[in-house]
Amino acid sequence: MVTTYSDIYELVLSLINSYKIDDIYVNDGEDGIETFFMPYLKIASGELENKAGIDISDRNDILRQFNSKLSDGKQLIIAKYIMIGYLSKETHDIMQMQLHLQDGDFKTYAEKNNLDGKLNALYMLKEEVGYDVKRSGYNGFKW
């Protein structure tokens with residue numbers, strides 16, 4: 001038995017609420033979600049390798065599955081790193097939008113609150129996943 005990418009993506013979807021992702025699911029189904037999250041899976045793979053010494057490259061991107069069965073804890077850590085990649089992009093997008101806002105204090109105030117909320121969520125998630133990696137003993141462990 002193997003772990004599929006959709007197993008990981010289901011965890012991501014249960015942890016995050018995004019109208020953009022909901023629209024992708026409604027319009028394109030599961031295939032659209034898997035296509036959307038693929039770059040974030042690669043970001044998660046790089047982050048895990050660089051920061052925790054965890055290699056998750058033993059996978060088949062064509063079949064969209066890992067070549068082994070990952071534990072629930074490993075799946076959760078990968079899902080959280082996917083969320084970090086996604087929230088980092090969203091935060092960067094908001095920061096870019098903020099540079100172009102010029103028509104009123106309300107928009108600037110609303111965007112600032114949105115950015116602050118996403119930054120706080122991102123920082124907390126990074127701390128949480130770092131703690132999960134260390135607590136689980138996966139730091140430096142070959143998967």
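Keep in mind the model is a prediction, meaning the values are calculated, not measured.
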**Study point:** Heavy-atom donor-acceptor pair, Asp7 side chain to Thr4 backbone, under 3.5 Å
**Key:** yes
Exercise for review: Please assess Lys89 against Tyr40 for the test side chain to side chain contact (heavy atoms under 4.5 Å, CB included), listing each intermediate value before the final yes or no.
Suggested key: CA-CA 10 Å; Lys89 181 190 177 304; Tyr40 297 109; 2.9 Å; yes
Exercise for review: Mind checking side chain to side chain contact (heavy atoms under 4.5 Å, CB included) for Ser45 and listing every partner two or more places apart, or none if nothing turns up?
Suggested key: Ile56, Arg59
Point to revise | Considering all heavy atoms, the nearest Asp58-Asn67 contact | key: OD1-ND2, 2.7 Å
Check your understanding: Taking side chain as C-beta onward, heavy atoms only, is Ile21 less than 4.5 Å from Tyr86?
Key -> yes
Point to revise | Within one Ile-Leu-Val-Met-Phe-Trp-Tyr cluster: Phe36 and Leu15, side-chain cutoff 4.5 Å | key: yes
Revision key, fill the gap. Value for CE (Met83) from OG (Ser18), rounded to nearest 0.5 Å, stands at 10.5 Å
**Study point:** Contact summary for Ala79 and Leu11, nearest pair of heavy atoms
**Key:** CB-CB, 3.8 Å
Exercise for review: Report yes if some heavy atom in the side chain of Ile8 is under 4.5 Å from a heavy atom in the side chain of Thr3; otherwise report no.
Suggested key: yes
Exercise for review: Locate the shortest heavy-atom distance separating Leu70 from Ile78; write the atom from each residue and the value.
Suggested key: CD1-CD1, 3.6 Å
Review point. Can you find a pair of side-chain heavy atoms, one from Lys69 and one from Gln75, that are under 4.5 Å apart?
Key: yes
Check your understanding: Taking atom CD1 of Ile77 and atom CG of Asp72, what is their separation to the nearest 0.5 Å?
Key -> 11.5 Å
Exercise for review: Please list, chain by chain and in numerical order, all residues satisfying ring-ring contact (aromatic ring centres under 6.0 Å, His included) with Tyr5, sequence neighbours excluded.
Suggested key: Phe66
Check your understanding: Any side-chain heavy-atom pair from Lys42 and Met38 closer than 4.5 angstrom?
Key -> yes
Review point. Under the 3.5 angstrom rule, does the side chain of Asp61 hit a backbone N or O of Arg64 as a donor-acceptor pair?
Key: no
Point to revise | Hydrophobic cluster identity match, Val12 and Ile33, side-chain contacts under 4.5 Å | key: yes
Check your understanding: Can you tell me how far CD of Glu47 sits from CD1 of Ile43, rounded to the nearest 0.5 angstrom?
Key -> 8.0 Å
Study note, to complete from the structure: The complete set of ring pair (Phe, Tyr, Trp, His ring centres under 6.0 Å) pairs with one or both residues in residues 8-28, sequence neighbours excluded, reads Tyr9-Phe37
